[in-house]
Novice: 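Mind having a look at this structure? Questions to follow.
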Amino acid sequence: MQLRGEKPSHIITPAIHLSKEDIGQTFSQRLTIPYTPQPEQLTAVARERLRSMFLTAEMGITGVNFAIAETGTLVLVENEGNGRMCSTLPDILVTLMGIEKVIPKLDDLPHFLEVLARTSTGQKLTCYTNFINGPRRDADIDGPRELHVVMLDNGRTTMLADPVLREALYCLRCGACLNVCPVYRRIGGHAYGVPYSGPIGSVVGPNLFGRAAALLPFASTLCGACRDICPVKIDIPRLLLHMRWKENFGQGAPQVEFPPDGVRSRNGMRRFARMARWPRLVRSMLRFASFLGRPFARDGYLKWIPGPFRSWTRGRDFPALRGR
Ligand code: SF4
């Protein structure tokens with residue numbers, strides 16, 4: 001993702017929107033190697049290029065999946081080995097964790113590990129489960145000489161104080177709700193504009209990242225697939241409705257907004273409702289728009305739309321209008 005200048009599009013599998021051919025092209029262009037779409041060869045290239053970086057890095061930075069209050073242990077689960085290399089090779093390790101990652105006891109951990117692996121990647125256990133108990137001791141053969149733990153609040157205590165929203169802090173970031181969400185599956189993670197996408201991202205996004213994500217709770221069909229799949233039974237549709245209520249409380253009709261251009265119309269929904277009463281008019285407008293867009297459509301999709309809708313095509317293609 002860094003080679004492509006992109007941000008992750010999924011909380012567990014950051015490059016899920018790319019095919020092996022896309023990755024082959026990226027490697028070929030950015031690393032000047034012959035093109036190959038073979039996963040084994042691509043992995044070997046990544047390994048060769050990254051290993052020397054890990055061996056010479058002075059500082060590693062990792063996240064934290066669980067922090068055990070009883071023992072002070074930081075637990076980091078992963079499948080690639082980069083977390084283990086970051087946490088054992090450099091002399092300094094900085095770990096970043098949201099304050100909700102703390103669980104009471106070591107005995108609680110096996111259950112969480114099992115639930116997380118099964119719902120995120122369908123494994124019984126991830127390939128690497130790292131336990132970090134502190135900086136390297138004299139008898140240890142590896143590990144950082146300095147360990148820093150950064151605990152982030154960033155709106156979490158405010159969520160905790162809200163009797164409805166606090167449920168969102170149960171989230172393990174397994175990604176299962178993204179995988180089943182009909183909206184996420186259609187538009188992808190980049191469209192959400194904040195690091196946490198999908199149904200749970202639409203709940204925690206406005207709380208952690210502020211106004212930039214304020215309208216995400218409205219971009220949901222409330223179908224409930226996320227609630228059904230969630231291993232910790234977070235009632236996400238209820239939280240989305242709560243967020244909608246909070247956003248519009250005391251403001252009358254919902255507003256239509258096209259971020260980040262700031263084109264807003266509080267009466268947008270009313271205008272749309274008035275127009276929708278005239279089906280013939282809507283059909284003629286659709287036919288006209290379809291005619292206008294035809295020269296710009298490629299394989300049934302528009303790559304760019306002008307005016308207030310251009311934010312949409314910045315993150316994803318738009319289906320070309322069909323006239324019906
Ligand atoms: S809300 Fe539930 S399903 Fe979604 S990422 Fe969190 S734990 Fe997983």
Side-chain angles (χ1 to χ4, degrees), residues 7-17 63-68 75-79 83 96-104 108-126 129 152-160 162-209 213 216-244 246:
K7 291 181 176 163
S9 68
H10 189 282
I11 55 181
I12 298 294
T13 43
I16 199 168
H17 59 297
V64 172
N65 292 94
F66 304 102
I68 305 168
V75 182
L76 176 63
V77 299
E78 44 145 355
N79 280 315
L96 285 160
M97 56 174 279
I99 53 173
E100 81 278 24
K101 297 289 176 190
V102 181
I103 60 170
D108 301 323
L109 185 69
H111 187 59
F112 277 117
L113 287 179
E114 193 182 3
V115 166
L116 179 59
R118 276 176 201 263
T119 45
S120 57
T121 50
Q123 296 165 287
K124 284 187 179 164
L125 203 57
T126 45
T129 305
L152 296 170
D153 182 329
N154 282 7
R156 287 167 174 87
T157 43
T158 312
M159 288 171 74
L160 192 62
D162 184 317
V164 178
L165 269 186
R166 62 185 313 165
E167 195 177 322
L169 296 171
Y170 301 162
C171 177
L172 304 174
R173 305 281 189 264
C174 73
C177 58
L178 282 64
N179 302 338
V180 297
C181 174
V183 177
Y184 176 92
R185 288 163 68 117
R186 217 6 106 179
I187 66 174
H190 289 151
Y192 289 77
V194 289
Y196 296 124
S197 53
I200 193 65
S202 300
V203 175
V204 299
N207 290 287
L208 302 186
F209 306 104
L216 290 181
F218 296 87
S220 167
T221 64
L222 303 174
C223 73
C226 47
R227 176 185 49 213
D228 295 345
I229 197 84
C230 178
V232 288
K233 301 279 174 247
I234 300 174
D235 191 346
I236 300 175
R238 177 166 162 259
L239 301 188
L240 288 168
L241 286 173
H242 182 68
M243 292 294 297
R244 289 181 187 185
K246 279 181 80 163

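All values derive from a computational prediction rather than experimental measurement. Heads up: numbering here begins at 1 and tracks the sequence. Counting starts at 1 for both ligands and their atoms, in listed order.
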Novice: How would you list all residue pairs meeting side-chain hydrogen bond (donor to acceptor under 3.5 Å, both in side chains) that involve residues 180-190, not counting sequence neighbours?
Specialist: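 Every candidate side-chain hydrogen bond (donor to acceptor under 3.5 Å, both in side chains) pair involving residues 180-190 fails, so no pair, neighbours aside, qualifies.
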Novice: Determine whether a donor-acceptor pair (N or O, by modelled atom type, separation under 3.5 Å) exists between the side chain of N65 and the backbone of V77.
Specialist: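 Here the side-chain-to-backbone pair exists.
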Novice: For atom 2 (Fe) of ligand 1, check which protein N, O or S atoms are under 2.8 Å away and list them.
Specialist: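 Checking every protein N, O and S atom gives C230 SG.
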Novice: How close do K233 and E167 get, counting heavy atoms only, and between which atoms?
Specialist: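 Scanning both residues, the minimum pair turns out to be O-OE2, 3.6 Å.
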Novice: Answer yes or no: is there a side-chain heavy-atom contact under 4.5 Å between K124 and R118?
Specialist: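 The answer is yes; the side chains approach within 4.5 Å.
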Novice: Without swapping roles, check the side chain of S9 against the backbone of A15 for a donor-acceptor pair under 3.5 Å.
Specialist: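 Here the side-chain-to-backbone pair does not exist.
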Novice: I need the single residue from D108, V115, L113, L109 that forms a side chain to side chain contact (heavy atoms under 4.5 Å, CB included) with H111. Which is it?
Specialist: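 Considering D108, V115, L113, L109, a side chain to side chain contact (heavy atoms under 4.5 Å, CB included) with H111 is found only for V115.
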